[in-house]
Amino acid sequence: MTNRTVLVLLDPATEIRTSALELFTIARGLGTVEAVALAGVGVEVLAQLEAYGVESVHQAEFSDAAGRVVTGDERHLPAVVAAALAAAVRRADADVVLLPSSFAAKEAAALTAHALGAGLIIDAAGVSEGDDGRIVGSKRVFAGSWDTSCEVTTDVAVLTVRANAVVPAPAAARVNTQTEPLPVEVPELGVTLASREVKARSGDRPPLEEAAIVVAGGRGTDGDFGPVTELADALGAAVGASRDAVFEGWWDTYVGQTGVTVAPRVYIGAGISGAPHHRGGMQASQHIVAVNSDPEAPIFEICDFAVIGELADVLPQAAEEIRRHKG
Amino acid sequence: MRIVVTVKYVPDINTDRGFEDCRVRRTPDEGTLNELDENAIEAALQLVEAAGEGEVVALTVAPPDGDPALRKAFQLGVDRGVRVSDDILAGADYFATAAALAAAVRKLESEGPVDLVITGMAALDGLGSVVPTLLATELGRPALTLAKKLGVSDGVLSVTREHDDVTEELSAPLPAVLSVTDTANQPRLPNFKRIMAARGKQVEAWTASDLGLDAAPAARTRTLSAGPRPERPEAELVTDKGEGGKALAQYLIKNDLV
């Protein structure tokens, strides 16, 4: 393990997300950590890389086949990200590539593995070294009901890792992170990107996919997310919804196997019955709490604690109690 | 407009899913057409209907046990169903699956142009969401994935792509590979007329050698173990009689979760 090199995708390069810190933490347990950024990193980002033991950061400098510099949003397209990662693996002679488990990163991971002939594990909940020194990814599948472990049998391993796989921790000692330009030729995509918008992250609440506590509302809210957001804010939690609630236009992001998959320390579902689709997106949570007026709601079968009652009564009272506890 | 839709036969998410010998357990009566493929089929049918002529071919890589997925596709209005089965494809990973699908699309192209390959956003068993982009790479075609809205005009496919916290407007000339999300459309239901028409349709069975594949690419990963998680202990249930919120808060506080 001592001479293994682990690359971690850093996208965006302008701010460090919790998911990146988790990947650095995992990577340190596997070997020497290097980051790959799609743009130059700033001073604040660099300081965090140093604290997390990232030895160097490869800063991609993209150009097209004719040698023209590419700086636009195209840099975030999976095929372009994959070109950068593959170039970095070749230059650093890296053994492992870690990415977050976002939809875009999964595609980039697949294309990177395709280009390198590398083994691919998607949605790992843990990454470790197996008995014979190979990389092993553990996964929680079928709505959190089965655990699998999978060994990569090729020289290079590419993995996407789910949020909350580990608690991020800085390295025992700071390192002096080297920055190195990484020339990357942008592949011919055949795709035109007319616009790209990144939803602004609310400064008040943590992002759903990274939050340690999630409060989600469903059909039982009847469209009033006031009690849901009140409890979330008392807890410092992210807010999510069921797919039904999003289809009704009551909230914008849903937890579910085709929406955001969450695995927080605490998941609180309010007015959510717990259909298979929803369970597939939250069943790996550590503590599951449910509030529902229907005593037959299927979510009660998978929760640790539940209140049978009206969420409009229960959630504000819980919020008040939490606020009092926090003082 | 000639469109190939890739489909997969998966264990029904409402059944007790699991593994056997480190492979997903697939029983004929607990399987179903991957629900997310219905959005892909719907997108294909709508495009062909809008074009006024064309053909929708459902394509799967599966043992013959997977035919119910194709028959369901027939009931939704798909014209043809092709199944690629071969011992060398058993246990195919993402890359081998994408390569086999690509080879089958090329064989369909040898009969006539394929304008578009459409897939669902994921298969509900593996949830990898990477085969569409790998298939596009294998075919050397542009990939427009995770489309929430789509349209074809003058041979150009335009989509609104939504993923994570990003919204993108993308376009590519046909032929291309497209994946659609579960919010892209509302899949139609089989009706009596379509069910009757489906009865006359036959699954076309191809082997790997029909596609010019003589060996499966070596697998790059190996499953070491697969085991069910322990059941959660019985939940603590409180009926709200005016103190339910406090009980919830106390549960969080006593477990050090606040």
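Reminder, nothing fancy here: chain letters follow the sequence lines and each chain counts from 1.
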Of the backbone (N, CA, C, O) and the side chain (C-beta and beyond), which part of [X] lies under 4.5 Å from a heavy atom of chain B, both, or neither?
{"X": "A:V152", "value": "both"}
{"X": "A:P295", "value": "neither"}
{"X": "A:A113", "value": "both"}
{"X": "A:I121", "value": "side chain"}
{"X": "A:Q283", "value": "backbone"}
{"X": "A:D123", "value": "side chain"}
{"X": "A:D147", "value": "both"}
{"X": "A:I288", "value": "both"}
{"X": "A:I213", "value": "side chain"}
{"X": "A:H277", "value": "both"}
{"X": "A:H325", "value": "side chain"}
{"X": "A:V266", "value": "side chain"}
{"X": "A:V289", "value": "side chain"}
{"X": "A:R279", "value": "neither"}

Cationic N near anionic O, under 4.0 Å, [X] to [Y]:
{"X": "A:D252", "Y": "A:K199", "answer": "yes"}
{"X": "B:K8", "Y": "B:D125", "answer": "yes"}
{"X": "A:E210", "Y": "A:R17", "answer": "no"}

Practice task
Give the ring-plane orientation class for B:Y251 versus A:F305, where under 30° counts as parallel, over 60° as perpendicular and anything between as tilted.
Solution key: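 Parallel.
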Exercise for the section: Would you please classify the geometry between the A:F247 ring and the A:Y254 ring as parallel, tilted or perpendicular, with 30° and 60° separating the classes? Expected result: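 A:Y254 and A:F247: perpendicular rings.
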[X] versus chain A, heavy atoms under 4.5 Å apart: side chain, backbone, both or neither?
{"X": "B:L146", "answer": "side chain"}
{"X": "B:A136", "answer": "neither"}
{"X": "B:E162", "answer": "neither"}
{"X": "B:L157", "answer": "neither"}
{"X": "B:R232", "answer": "side chain"}
{"X": "B:D16", "answer": "neither"}
{"X": "B:D256", "answer": "backbone"}
{"X": "B:A176", "answer": "neither"}
{"X": "B:V131", "answer": "neither"}

Exercise for the section: Show the numbers, then the answer: is there a salt bridge (Lys or Arg N to Asp or Glu O under 4.0 Å) between B:E42 and B:R188? Expected result: CA-CA 7 Å; B:E42 181 63 34; B:R188 65 196 64 187; 2.8 Å; yes
Looking at [options], which one has more heavy-atom pairs under 4.5 Å with chain B than the rest?
{"options": "A:S195, A:S102, A:S101", "answer": "A:S195"}
{"options": "A:S138, A:A194, A:G309", "answer": "A:A194"}
{"options": "A:L315, A:V260, A:V141, A:I302", "answer": "A:I302"}
{"options": "A:F300, A:W146, A:F103, A:F142", "answer": "A:W146"}
{"options": "A:R265, A:H287, A:E301", "answer": "A:H287"}
{"options": "A:A275, A:A237, A:G259, A:C150", "answer": "A:C150"}

Which of [options] touches chain A most, by non-hydrogen pairs under 4.5 Å:
{"options": "B:L224, B:D240, B:V130", "result": "B:L224"}
{"options": "B:G128, B:S225, B:P233, B:A98", "result": "B:S225"}
{"options": "B:D93, B:T137, B:T183, B:I253", "result": "B:I253"}
{"options": "B:A247, B:G126, B:G227", "result": "B:G227"}
{"options": "B:A249, B:P173, B:G18, B:S129", "result": "B:G18"}
{"options": "B:K241, B:E35, B:E243", "result": "B:E243"}

Problem - Crowding at CG, B:D21 (>12 non-hydrogen neighbours, <6.0 Å) - result: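 Result for CG/B:D21: open.
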Exercise for the section: Using the ring of B:Y9 (Phe, Tyr or Trp, six-membered ring only), decide whether B:R26 places NZ or CZ under 6.0 Å from its centre and within 45 degrees of its axis. Expected result: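 No - B:R26 does not lie over the ring of B:Y9 by the 6.0 Å and 45° rule.
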Are [X] and [Y] close enough that a side-chain donor and a side-chain acceptor fall under 3.5 Å?
{"X": "A:Q317", "Y": "A:E321", "result": "no"}
{"X": "A:H76", "Y": "A:D11", "result": "yes"}
{"X": "A:T258", "Y": "B:D182", "result": "yes"}
{"X": "B:T145", "Y": "B:R161", "result": "yes"}
{"X": "B:H163", "Y": "A:E107", "result": "no"}
{"X": "A:D294", "Y": "A:N292", "result": "no"}

Search all heavy atoms of [X] against all heavy atoms of [Y] and return the closest pair with its distance.
{"X": "B:A73", "Y": "B:I41", "value": "CB-CD1, 3.8 Å"}
{"X": "B:E168", "Y": "A:L77", "value": "OE2-CD2, 4.0 Å"}
{"X": "A:A232", "Y": "A:V215", "value": "CA-CG2, 3.8 Å"}
{"X": "A:G117", "Y": "A:T154", "value": "O-CG2, 3.6 Å"}
{"X": "A:L189", "Y": "A:V80", "value": "CD1-CG2, 3.9 Å"}
{"X": "A:P264", "Y": "A:A211", "value": "CB-O, 3.4 Å"}

